[in-house]
Amino acid sequence: MRKQYPFDVIESKRQRLWDEQTAFRAWNPQETIPADHPFAKRHGLTGKTSLADLPPKYYILDMFPYPSGSGLHVGHPEGYTATDILARYKRARGFNVLHPMGWDAFGLPAEQYAIKTGQHPRTTTEANVTNFKRQIKSLGFSYDWSREIDTTDPDYFRWTQWIFLKLYHSWYNPETGRAEPIETLSIPNEVREEEERASYRDERRLAYVAEAPVNWCPELGTVLANEEVVEGKSEIGGFPVLRKPMRQWMLRITAFADKLLQGLEEIQWSESLKEMQRNWIGRSEGAEVHFQVADKDACITVFTTRPDTLFGATYMVLSPEHDLVLALTSEEQQKAVSAYQDYAARKSDLERTELGKNKTGVFIGAHAINPVNGERIPIWIADYVLATYGTGAIMAVPAHDARDLEFAEKFNLPVLKVVQAPQGQDSIGFVGDGVSVNSDFLNELPTAEARQKMICWLEEHQKGSRQVNFKLRDWLFSRQRFWGEPFPILWKKGRHHSVGEHELPVLLPELSDFKPTSDGEPPLARASDWVNMKDGSLRETNTMPQWAGSCWYYLRYLDAHNKEKFCDRETETYWMGSGQPDANPGVDLYVGGTEHAVLHLLYARFWHKVLFDLDLTSTPEPFFKLVNQGLIMGEDGQKMSKSRGNVVNPDDIVAHYGADAFRLYEMFMGPLEMSKPWNTKGVEGVYRFLGRVWRLIVDEESELEYAQKTAVENENAEQQLAVLRLNGSVQSGLKPTSEQLKSLHTCIQKVTEDLQHMRFNTAISAMMVFVNDATNWETRPKECMKTFLLLLHPFAPHLAEELHGMLAGETESIIAYEPWPIHDPKLLVEDSIEIPVQVNGKLRDRVTIPCDSKRELIEALALESTKVKTFIDGKSVKKMIVVPGKLVNIVVK
RNA sequence: GCCGGAGUGGCGGAAUUGGUAGACGCGGCGGAUUCAAAAUCCGCUUUUCGCAAGGAAGUGUGGGUUCGAGUCCCUCCUCCGGUACCA
């Protein structure tokens with residue numbers, strides 16, 4: 001198949017030239033911009049710039065990829081193309097655009113490969129990064145590669161460790177509602193012993209060690225965060241996950257639950273994404289209620305969102321792991337209870353989910369006193385009550401809770417109606433809001449009021465209190481892996497302390513065997529020289545989870561090579577917009593997949609809020625606007641996967657049609673946020689369009705000549721581009737006709753509007769309309785063509801840059817720094833307009849009227865239409881609706 | 001179950017605040033060019049009735065509001081994503 005145009009030669013040439021002039025370097029305050037840099041020329045800047053000299057910032061960020069062995073798939077460049085188009089558009093609009101790229105390169109696959117083959121994860125990772133970078137660069141994105149980062153680079157993870165130490169050395173002060181240095185924590189006087197005082201502090205750090213039931217994945221040989229467990233299986237690999245008590249590093253994200261929730265109000269994220277985060281944080285309001293245990297000196301506290309149903313609590317349930325189970329169980333129930341505890345502990349999360357609704361449990365032989373009516377109610381244990389939510393214990397109100405009802409029916413426990421359902425509905429099993437009954441002082445109150453009244457009663461009688469609860473758990477932050485950031489932590493005499501800041505980074509030891517040790521220790525424990533310090537301290541052998549590096553990478557881009565700080569403050573202030581009144585606070589636009597809705601995006605917000613509290617960043621939220629690109633499906637409409645054999649490799653598309661066509665197609669497929677199927681035929685469509693653009697401007701004869709020359713002297717293809725001549729119809733100094741101007745300015749207007757709303761597909765179709773138009777022009781004024789190329793350039797930068805070079809001469813500024821064209825509304829004004837005429841809302845005719853027609857004239861013209869007449873004949877006109885410039889509707893009867 | 005989002009030609013998708021449904025592209029059909037093909041260019045292409053002019057129907061279903069509904073309101077159905085014993 002003959003090429004539409006020599007895209008391969010043009011694309012490599014343009015990429016080389018952009019690289020040579022570091023065209024897309026973004027400039028920080030206090031940097032010296034070379035006078036011949038296109039940015040300096042465009043903005044008239046010379047020498048060292050201060051913050052005030054720089055144009056407004058625009059920070060546009062992609063989710064950096066994990067460089068996997070299989071390379072880029074077509075989903076990656078979808079988001080990258082969208083951001084690149086906007087980066088180029090914003091540059092044309094005069095912004096100082098920061099558009100960086102890097103590698104989230106710690107992770108499990110490289111480590112698993114190492115265990116299998118012995119190849120060091122570093123080697124694997126470097127090879128993968130090289131391949132990813134080659135692929136990404138082949139698409140001509142305008143990244144500032146001088147800011148490239150790699151989370152596995154010691155110069156990078158040094159600062160990941162440093163931020164971890166900030167968390168370690170901080171606590172959450174509930175009074176100020178902020179993270180503060182641990183020194184501000186006042187330790188009560190009654191805690192005297194130095195040991196105890198240290199423990200008191202350690203228990204309140206934002207990074208702390210806790211013995212807790214964790215998600216243990218035997219296949220992966222590591223623990224996982226709650227967020228990494230999907231339906232009882234590991235998110236990576238889909239292996240079963242068990243609950244197991246282990247000592248682990250935790251981060252106190254729960255302290256920030258409310259802030260993480262409230263922060264969502266200030267940012268421009270899609271409603272569905274915000275909703276996902278809200279659900280994950282899971283705030284619910286209710287009350288804590290204290291139940292005295294009968295005949296024992298013990299008290300069970302429960303959390304409930306329905307204190308109004310307290311009179312209907314007919315039994316209680318503790319989770320099998322609850323602290324009080326042992327103490328409260330009667331002798332005769334001892335055996336049954338411990339058998340049940342064993343049974344529950346053996347169940348994996350997966351089995352728990354699968355067994356789902358089949359309730360099990362055991363009576364523990366003790367009773368509690370319902371504080372509101374003094375009733376003795378039995379206490380049970382059952383695994384439908386989770387140890388990890390609320391207090392790990394519930395009051396059961398079977399009449400108004402589906403789970404309690406099922407349990408009560410199975411074990412013959414009493415069911416007492418305390419809420420009257422609205423008319424027609426059965427009150428037993430009714431879980432909504434109704435009216436209280438059988439509830440003494442709450443009777444006849446609607447649920448909302450009853451709830452409040454009961455809380456007041458509880459507080460008055462010191463039987464409970466108002467309480468807010470969250471689903472969010474603290475973040476389990478340690479992994480038993482090799483290929484991750486080592487903790488900057490040392491252990492001595494069973495107590496942890498931090499490595500000094502000046503000793504960072506803590507490097508990974510050299511190992512050749514990456515498996516866990518035979519006694520189940522993490523792989524780092526194999527490096528005994530590394531673990532055992534001279535002073536007798538031991539290094540922490542866990543590593544950080546993959547999310548650690550991505551929690552703050554957007555800040556490192558701002559000042560990627562700073563040796564003294566994780567990021568210079570003035571630079572941070574500039575790019576995060578705090579210094580400028582009109583700038584968006586934070587990253588202006590962040591584009592990436594939905595798969596990170598609750599993992600990366602929640603963790604990064606959490607770290608950012610801690611850094612903000614410690615005055616290390618200047619904005620409370622990291623990502624101002626966030627857009628999720630939709631999934632690209634295979635040609636068969638199924639999700640792309642190797643096993644289905646429907647994976648499209650960008651390399652093949654670029655080789656056949658070029659990067660510009662690839663970019664254009666990815667944007668033309670449909671709205672960015674929708675999922676849509678790939679269709680290689682569609683690539684050919686946009687490829688033909690680019691060929692038409694080429695032929696609008698380039699002379700076909702000369703192209704033939706070019707083809708002949710390059711066929712002979714293959715290696716000189718780039719120089720041979722010089723033989724190309726302009727299409728004879730392209731003429732300079734030619735005054736465009738009003739029709740031509742109208743066509744061009746319609747296109748300017750549409751493309752500009754669509755870019756502002758990220759409607760790339762319709763912007764492209766507007767350009768197609770223009771090109772179809774211009775193809776039929778006898779003569780093509782050079783200025784019109786140049787302007788059109790400005791519109792095209794964010795989408796198809798190589799072709800636009802090359803044609804711009806031909807039209808404008810290579811000595812002029814590159815198109816990437818040309819100002820964006822502005823449409824002239826005066827050129828779009830029409831003298832007359834065709835409007836539809838409807839009769840009773842049905843289209844019957846169209847009439848052409850002068851634009852400034854008065855209502856009477858429009859009505860008269862509409863009624864004159866012969867087609868219209870046949871429909872109103874013999875009927876009376878009741879009403880005429882005239883929408884100026886839009887339509888006429890004649891209502892007849 | 002609950003919470004989001006989406007249902008428009010053969011296909012991907014357009015349609016400012018309710019105002020000409022189907023832009024643009026793919027595919028298909030026909031033509032020009034060619035010895036022929038590829039490529040390119042031009043025309044047609046929602047369905048249906050009709051030789052035609054023209055008519056009728058039509059945006060998942062059923063109803064409603066309106067001069068007028070793909071767009072607003074209610075009902076139901078299907079698909080996609082998230083989540084699920086969260087008290």
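Within every chain, numbering begins at 1; the chains are lettered A, B, ... in the order of the sequence lines, protein sequences first and strands thereafter.
Residue-level contact check: V883(A) touches the bases, meaning some heavy atom is under 4.0 Å from a base atom. Using a 4.0 Å heavy-atom criterion, one finds that K681(A) contacts the sugar-phosphate atoms exclusively. The residue M674(A) sits close only to the backbone: its heavy atoms come under 4.0 Å of sugar-phosphate atoms, none of a base. Using a 4.0 Å heavy-atom criterion, one finds that N776(A) contacts the sugar-phosphate atoms exclusively.
For R844(A), no side-chain nitrogen or oxygen approaches OP1 or OP2 of rG54(B) to under 4.0 Å. Between R692(A) and the phosphate of rC41(B), there is a side-chain N or O to OP1/OP2 separation shorter than 4.0 Å. Put simply, K842(A) has a side-chain N or O that comes within less than 4.0 Å of OP1 or OP2 on rA57(B). In this model, the phosphate group of rC41(B) is approached by a side-chain N or O of R695(A) to a distance below 4.0 Å at OP1 or OP2. For rA14(B), the OP1/OP2 oxygens have a side-chain nitrogen or oxygen of N761(A) closer than 4.0 Å. Dashed line: the shortest gap from a side-chain N or O of N772(A) to OP1 or OP2 of rG25(B) is under 4.0 Å. A sub-4.0 Å separation between OP1 or OP2 of rG5(B) and a side-chain N or O of N628(A) is absent.
Taking the syn range as angles within 90° of 0, the glycosidic angle of rG9(B) is syn.
Taking the side chain of P836(A) as heavy atoms from C-beta on, and the options rA56(B), rU20(B), rC24(B), the nearest nucleotide is rU20(B). For E275(A), counting side-chain heavy atoms from C-beta on, the closest listed nucleotide (rA87(B), rU20(B), rC3(B)) is rC3(B). Listed nucleotides: rA87(B), rC85(B), rC3(B). Nearest to the side chain of S284(A): rA87(B). Picking from rG4(B), rC24(B), rC67(B) the nucleotide with the shortest atom distance to the side chain of V891(A) gives rC67(B). For M768(A), counting side-chain heavy atoms from C-beta on, the closest listed nucleotide (rG13(B), rC24(B), rA21(B)) is rC24(B). Residue K676(A) has its side chain nearest to rG13(B) when only rG13(B), rA87(B), rC42(B) are considered. Each of rG19(B), rG25(B), rA14(B) was ranked by its minimum atom distance to the side chain of T762(A); first place goes to rA14(B). The listed nucleotides are rG4(B), rA87(B), rC26(B); the one nearest the side chain of R688(A) is rC26(B). Here rA39(B) is the nucleotide among rA39(B), rC24(B), rC42(B) with the atom lying nearest to any side-chain atom of Q4(A). The listed nucleotides are rA23(B), rU40(B), rG19(B); the one nearest the side chain of S765(A) is rA23(B).
One P atom belongs to rU83(B), the other to rC76(B), and the distance between them is 26 Å to the nearest Å. Taking the P atoms as reference points, rU20(B) lies 16 Å from rU59(B), given to the whole Å. To the nearest whole angstrom, the two P atoms, one in rC11(B) and one in rU46(B), are 13 Å apart. Only the C1' atoms considered, rG25(B) is 14 Å distant from rU45(B), to the nearest whole Å. Taking atom P on both rG12(B) and rG19(B), the two are 24 Å apart, rounded to the nearest angstrom. Across the C1' atoms, rC35(B) and rC49(B) are found 45 Å apart, a figure rounded to whole Å.
Screening I377(A), T309(A), V317(A), I300(A) for a side chain to side chain contact (heavy atoms under 4.5 Å, CB included) involving M395(A) leaves a single residue, T309(A). For the side chain to side chain contact (heavy atoms under 4.5 Å, CB included) test with Y5(A), the passing option among L799(A), L724(A), V698(A) is L799(A); the others fail.
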**OP:** Starting from the C-alpha separation in whole Å, work towards a yes-or-no answer on side chain to side chain donor-acceptor pair (under 3.5 Å) for W694(A) and E703(A).
**Re:** CA-CA 10 Å; W694(A) 174 258; E703(A) 203 188 338; 3.1 Å; yes

Original post:
Checking side chain to side chain donor-acceptor pair (under 3.5 Å) for the pair S319(A)/Y389(A): CA distance, chi angles, key distance, verdict?
Top reply: CA-CA 10 Å; S319(A) 71; Y389(A) 183 77; over 6 Å; no

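Classification of the Y687(A)-F7(A) ring pair by plane angle, with boundaries at 30° and 60°, yields perpendicular.
E275(A) has a carboxylate O that lies under 4.0 Å from a charged side-chain N of R278(A), or vice versa, which qualifies the two as a salt bridge.
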